[in-house]
Amino acid sequence: MTAPCIAMVDCNNFYVSCERVFNPALEGRPVVVLSNNDGCVIARSNEAKALGIGMGEPAFRRAAFFKTHGVRVFSSNYALYGDMSARVQRVLEQFSPEMENYSIDESFLVLRHADTRELLCLARKIRATVGQWTGIPVCVGLARTKTLAKVANRLAKKHTQSGIRLLDDSRDIRHELARLDLEDVWGIGGRNARKLRALGLHTALDLTRQPRDWVRRTLTVRGLHTMLELRGIPAIDMEENPPDAKSLTCSRSFGTRITKQAHLEEALCAYVQRAGEKLRQRGLEAGAVQVFLATNRHMHDPQYANSGCLPLSTPTDFTPDIQEAALRILRSIFRSGYKYQKVGVLLLDLVRPGQRQLTFQDMDDTEETAHRRQLMHAMDDVNQRFGRNTLRFAGSGLGPKPWHMRREALSQRFTTSWAELPVVR
DNA sequence: TCTGGGGTCCTAGGACCC
DNA sequence: TCTGGGGTCCTAGGACCC
């Protein structure tokens with residue numbers, strides 16, 4: 001391969017693999033991991049896939065099936081998966097200085113090796129090292145563009161023993177694209193696949209044969225980039241240093257349906273607290289707050305959903321100010337008489353403090369500002385050392401919390417339990 | 001009687017990803 | 001009883017300005 005090669009490294013059934021690392025008895029058995037609230041299936045072992053369990057299936061509908069087939073079921077444990085993800089990424093870093101951590105379980109690496117044999121050798125080494133150092137099995141797809149590397153990775157998973165697939169020869173590429181459904185192409189979702197089918201296109205190869213203008217008009221500029229990449233022309237850049245996020249969300253579905261405004265307010269306060277922690281962790285301030293609430297659209301009950309937004313007078317990372325704004329929005333959109341399923345907060349117009357214009361307030365209340373910063377810092381510190389919500393705002397309620405989500409089958413926090421952390425810094 | 005047109009900014013909605 | 005959560009980008013269309 002003459003041009004630089006892109007490797008797509010994808011962890012196999014990642015959440016299931018994380019559970020297995022710390023519970024080897026799960027090896028060879030059907031295992032699933034459920035979404036927040038134990039709602040639906042978001043990860044399946046190969047054995048679970050073989051039983052016909054689909055991605056996104058509601059767990060309650062499969063409960064009996066899980067029991068009769070001995071499927072081991074886990075609530076999602078993001079503290080564990082996030083930590084394992086970081087370990088995998090640290091291993092991958094050693095193989096290329098040019099790397100994009102695309103998602104919790106996928107990374108793109110640029111490999112500048114001219115020789116095909118060298119590339120395959122390196123891919124084998126990546127796979128073996130990640131497996132040995134973290135216990136997580138991965139597959140590697142190799143190609144000239146990110147989109148083709150995703151295709152190669154898919155082939156590595158489905159059709160190889162080695163877990164490695166190089167997709168470089170043009171006849172080979174054509175052959176594989178002719179067998180690839182449009183909705184299985186990275187960047188083409190269900191909606192656009194249906195649209196293209198109605199226009200007579202069915203496979204990835206069909207798409208590569210359309211004129212650029214037509215693709216641009218039909219699928220917007222992003223679809224055009226996808227099509228060019230399928231042709232082997234790089235059009236989607238590596239994002240090695242992702243820019244600061246522009247928004248940040250915290251929302252949950254409730255364990256039971258909620259009708260009381262007071263309970264919604266408690267839940268919202270808790271979510272804002274969490275959002276504030278994320279905000280400070282990233283060193284950002286929010287310029288505006290949005291709140292939304294919704295009933296359960298799967299039920300036949302009366303439906304209501306609404307949202308509202310408020311700008312903050314000056315960008316801030318001070319949780320109480322954000323909570324105040326959020327509660328004002330909630331009170332303006334709340335309607336009684338509905339069974340609510342969900343409430344959430346979005347922090348918008350995020351900025352780095354150093355990069356925004358100073359206001360008169362900034363010059364004015366420096367002492368006050370310092371106190372507020374110290375307060376948030378102290379809370380974050382305690383909660384980091386002793387566990388989330390060790391210190392929390394009274395607004396999130398002192399009594400029982402009917403809005404809490406269900407997590408009935410949670411594994412232990414094997415890697416991040418606070419008891420393992422040093423108490424003194 | 002006859003009342004422009006082009007540029008910019010913002011937002012909502014829709015699509016995608018894992 | 002029970003159907004996730006957290007992001008990004010693009011476009012069309014309206015508001016506004018000169």
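Residue numbering restarts at 1 for every chain, and letters A, B, ... go by the order of the sequence lines.
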Working for salt bridge (Lys or Arg N to Asp or Glu O under 4.0 Å), residues A/E265 and A/K260 = CA-CA 9 Å; A/E265 291 186 5; A/K260 289 196 173 71; over 6 Å; no
message = Evaluate A/D317 against A/R280 for salt bridge (Lys or Arg N to Asp or Glu O under 4.0 Å), listing each step before the verdict.
response = CA-CA 6 Å; A/D317 63 3; A/R280 292 186 292 275; 5.5 Å; no
key: Where protein sits on nucleotides 7-18 of chain B, one letter per nucleotide: B base, S sugar-phosphate only, - none, heavy atoms under 4.0 Å   = --------SSSS
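Within 6.0 Å of the NZ atom in A/K49, the count of heavy atoms belonging to other residues, nucleotides or ligands exceeds 12.
A perpendicular orientation is assigned to the rings of A/Y78 and A/Y15, their planes being inclined by more than 60° (bins at 30° and 60°). Classified by interplanar angle (parallel below 30°, tilted 30° to 60°, perpendicular above 60°), the ring pair A/Y304/A/Y338 is parallel.
Using a 4.0 Å heavy-atom distance criterion, A/L248 is classed as a sugar-phosphate-only contact. Counting non-hydrogen atoms under 4.0 angstrom, A/K195 reaches nothing in the nucleic acid. The residue A/N296 sits close only to the backbone: its heavy atoms come under 4.0 Å of sugar-phosphate atoms, none of a base. At a threshold of 4.0 angstrom between heavy atoms, the contacts of A/T256 with the nucleic acid are absent.
We find that CD of A/E408 is positioned 13 Å from P of C/dC2, with the value rounded to whole Å. The CZ atom of A/R62 sits 19 Å away from the C1' atom of C/dT1 (whole-angstrom rounding). Following rounding to the nearest Å, A/Y81 (OH) and C/dG4 (P) show an atom-to-atom distance of 17 Å. To the nearest angstrom, P of C/dT3 lies 12 Å from NZ of A/K339. Between A/R257 atom CZ and C/dT1 atom P the separation is 12 Å, expressed in whole Å. Counting to the nearest Å, the P atom of C/dG5 and the CG atom of A/N77 are 16 Å from each other. Atom CG of A/N36 and atom P of C/dT3 are 12 Å apart (whole Å). To the nearest angstrom, C1' of C/dG6 lies 12 Å from CZ of A/R274.
A side-chain donor-acceptor contact under 3.5 Å links A/T68 to the backbone of A/F65.
Residue A/K342 places at least one side-chain N or O closer than 4.0 Å to OP1 or OP2 of C/dG5. For the pair A/Q341 and C/dC2, the criterion of a side-chain N or O lying under 4.0 Å from OP1 or OP2 is not met.
Ion pairing of A/R165 with A/E176 is present here, as a side-chain N (NZ or NE/NH1/NH2) and a carboxylate O approach within less than 4.0 Å. With respect to A/R257 and A/D301, no salt bridge is recorded, no charged nitrogen being found less than 4.0 Å from a carboxylate O. In this structure, A/E93 does not pair ionically with A/R90, as no charged nitrogen and carboxylate oxygen lie closer than 4.0 Å. Electrostatic pairing of A/D213 and A/R217 does not count as a salt bridge here, judged by no charged N lying under 4.0 Å from a carboxylate O. Classification of A/R144 and A/D168 as a salt-bridged pair holds, one side-chain N sitting under 4.0 Å from a carboxylate O.
Remark: the separation of the P atoms in B/dT3 and C/dC18 is 24 Å, to the nearest Å.
On a pure distance criterion of 3.5 Å, a polar donor-acceptor pair joins the side chain of A/R61 and the base of C/dT3.
Both A/P58 and A/A245 lie near DNA chain C, and the one whose nearest nucleotide falls closer to the 5' end is A/P58. Residue whose closest nucleotide on DNA chain C sits further toward the 5' end, between A/S253 and A/P243: A/S253.
Helical stems of DNA chain B (runs of at least 3 Watson-Crick or G-U pairs, donor-acceptor distances under 3.5 Å) are listed by first residue: B:5-18 with C:5-18.
Atoms CG and CG, from A/L207 and A/L196 in turn, are 6.5 Å apart once rounded to the nearest 0.5 Å.
Looking at A/S411 and A/E19, their side chains do bring a donor and an acceptor atom within 3.5 Å of each other.
For A/F60, the side-chain atoms get nearest to C/dT3 when compared with the rest of C/dG4, C/dT3, C/dG6.
For the contact set between residues 215-233 of chain A and DNA chain B, defined by any heavy atom under 4.0 Å, there are no members.
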